[in-house]
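A short write-up of the structure that comes next.
Numbers restart at 1 for each chain; the letters A, B, ... are given by sequence-line order, proteins then strands. Side-chain atoms are counted along with the backbone in the values below, which use heavy atoms only and exclude waters and symmetry mates.
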There are 2 protein chains.
Amino acid sequence: MDHFDYIDQQILLQIRKDARKPFSQIAEELKVSNSLVHQRIKKLKQQGVIKNAEFIVNEKQIGYRTKSYVGIRLREARYAEEVVQGLEKIEEIVECNYVSGYYAIFILIYAFDNQHLRKILYEQVHKIDGVAGTDSFICFDTNFKKPISLDAIVSKHAHD
Amino acid sequence: MDHFDYIDQQILLQIRKDARKPFSQIAEELKVSNSLVHQRIKKLKQQGVIKNAEFIVNEKQIGYRTKSYVGIRLREARYAEEVVQGLEKIEEIVECNYVSGYYAIFILIYAFDNQHLRKILYEQVHKIDGVAGTDSFICFDTNFKKPISLDAIVSKHAHD
DNA sequence: CGTGAAATTTTTTGGAT
DNA sequence: ATCCAAAAAATTTCACG
């Protein structure tokens with residue numbers, strides 16, 4: 001990524017918080033033309049800095065009251081790929097990562113309640129061939145969730 | 001949440017994937033008027049089903065190549081609140097949860113690289129009063145990331 | 001690299017069915 | 001509860017500095 005200046009940063013700070021904020025309004029605040037905002041956003045897309053825009057769904061509001069991270073241990077490391085394939089079919093699992101440390105795979109699950117979570121684990125996850133066991137880290141509460149800082153990437157190019 | 005019908009579901013499926021997709025286009029596909037789409041989205045907002053729209057930032061593209069989940073153990077449980085306050089000040093930590101199980105707190109960190117991660121843990125997290133220790137689950141790869149299913153919430157209201 | 005203004009498209013509102 | 005159509009606003013393009 002090159003040429004990430006103050007304007008880019010300010011635009012990005014705005015649109016990652018509110019993807020539907022009018023470009024014209026951002027332009028006004030930054031005291032630049034709206035075509036410039038338009039061009040910069042286009043550039044950020046082309047560079048792959050931003051992907052799509054998403055409406056954020058409140059999972060609790062639609063009934064998913066149990067959020068849980070789950071660490072998965074494998075019987076043998078070589079089962080990893082087929083286990084991931086099995087996990088992908090379970091719709092309550094919304095994220096899946098290969099990780100370092102005690103677990104081979106780390107997933108995020110949304111379930112209606114704790115019993116539903118238990119059912120998903122016992123009746124689906126544990127039955128996938130290669131899964132040795134799971135440990136659940138049920139989220140009692142999410143204290144905060146915030147976007148990553150952009151400060152470290154802007155100044156590096158200030159002299160361009 | 002009440003009255004979540006097929007139209008609501010289809011709209012939600014679309015806008016959570018692409019928050020900037022023209023409502024008029026969604027309307028056309030669903031063969032309803034654009035004012036109806038407009039009204040339904042307004043309703044979904046009022047109900048709290050959807051929050052804001054966000055442009056999704058590619059963290060790798062802006063230099064954050066190390067993603068890691070980190071479990072935090074406390075010296076004593078009662079330190080929880082002040083530890084969270086300390087964690088919130090660290091800008092690389094983007095999410096923080098109270099969890100069940102072996103750890104008290106579970107966080108998500110984005111760092112430039114593994115050394116940067118180590119530095120954040122050793123020089124910042126471990127120095128917060130009340131933190132007994134941490135275990136890192138560095139993500140080698142994110143296999144998938146997908147939105148939660150909406151099927152379970154739509155049919156319940158089909159007869160309204 | 002940046003702007004201003006025109007052309008196009010979308011959002012939003014309010015009355016009608 | 002949904003639609004149509006007008007009004008308001010935003011996006012997008014492009015010639016020019």
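Distances shorter than 4.0 Å separate none of the side-chain N or O atoms of A/R20 from OP1 or OP2 on D/dA10. Side-chain nitrogen and oxygen atoms of B/S24 include at least one within less than 4.0 Å of the OP1 or OP2 phosphate oxygen of C/dT11. Phosphate proximity of D/dA1 to B/R40: absent, as no side-chain N or O sits under 4.0 Å from OP1 or OP2. At C/dT11, none of the side-chain N or O atoms of B/H38 fall inside 4.0 Å of OP1 or OP2 (strictly under the cut-off).
The CD1 atom of A/I15 sits 15 Å away from the C1' atom of D/dA10 (whole-angstrom rounding). Residue A/N34 contributes atom CG, which lies 9 Å from atom P of C/dG4 at whole-angstrom precision. As a whole-Å value, the separation of B/I11 CD1 from D/dT2 C1' is 12 Å. Atom CD of B/E28 is separated from atom P of C/dT9 by 12 Å (rounded to the nearest Å). Atom NZ of B/K21 is separated from atom C1' of C/dT10 by 14 Å (rounded to the nearest Å). One atom, NZ of A/K31, and another, P of C/dC1, lie 23 Å apart when rounded to the nearest Å. Between A/K43 atom NZ and C/dC1 atom C1' the separation is 11 Å, expressed in whole Å. The distance between atom NZ of B/K42 and atom P of C/dT12, rounded to the nearest whole Å, is 10 Å.
In this structure, the side chains of A/K43 and A/R40 come closer than 4.5 Å at one or more pairs of heavy atoms. Contact of the A/I50 side chain with the B/Q61 side chain is not registered, since no non-hydrogen atoms from C-beta on lie closer than 4.5 Å.
Between B/T66 and B/D113, the side chains place no donor N or O within less than 3.5 Å of an acceptor N or O (distance only, hydrogens not considered).
With hydrogens and angles ignored, a donor-acceptor pair under 3.5 angstrom links the side chain of A/S35 to the base of C/dG4.
When the nearest nucleotides of DNA chain C are assigned to A/I7 and B/Q39 by heavy-atom distance, the more 5′-ward of the two goes with A/I7.
For A/P22, whose side chain is taken as the heavy atoms from C-beta onward, the closest listed nucleotide among C/dG2, D/dT11, D/dT2 is D/dT11. Comparing atom distances between the A/F23 side chain and each of D/dT12, D/dT2, C/dT3 picks out D/dT12 as nearest.
Taking a cutoff of 4.0 Å between a charged side-chain nitrogen and a carboxylate oxygen, A/K67 and B/E95 qualify as a salt bridge. Between A/K21 and A/E29, at least one side-chain nitrogen of the basic residue sits less than 4.0 Å from a carboxylate oxygen of the acidic one, meeting the salt-bridge criterion.
Among the heavy atoms of the strands, none lies under 4.0 Å from A/Q25.
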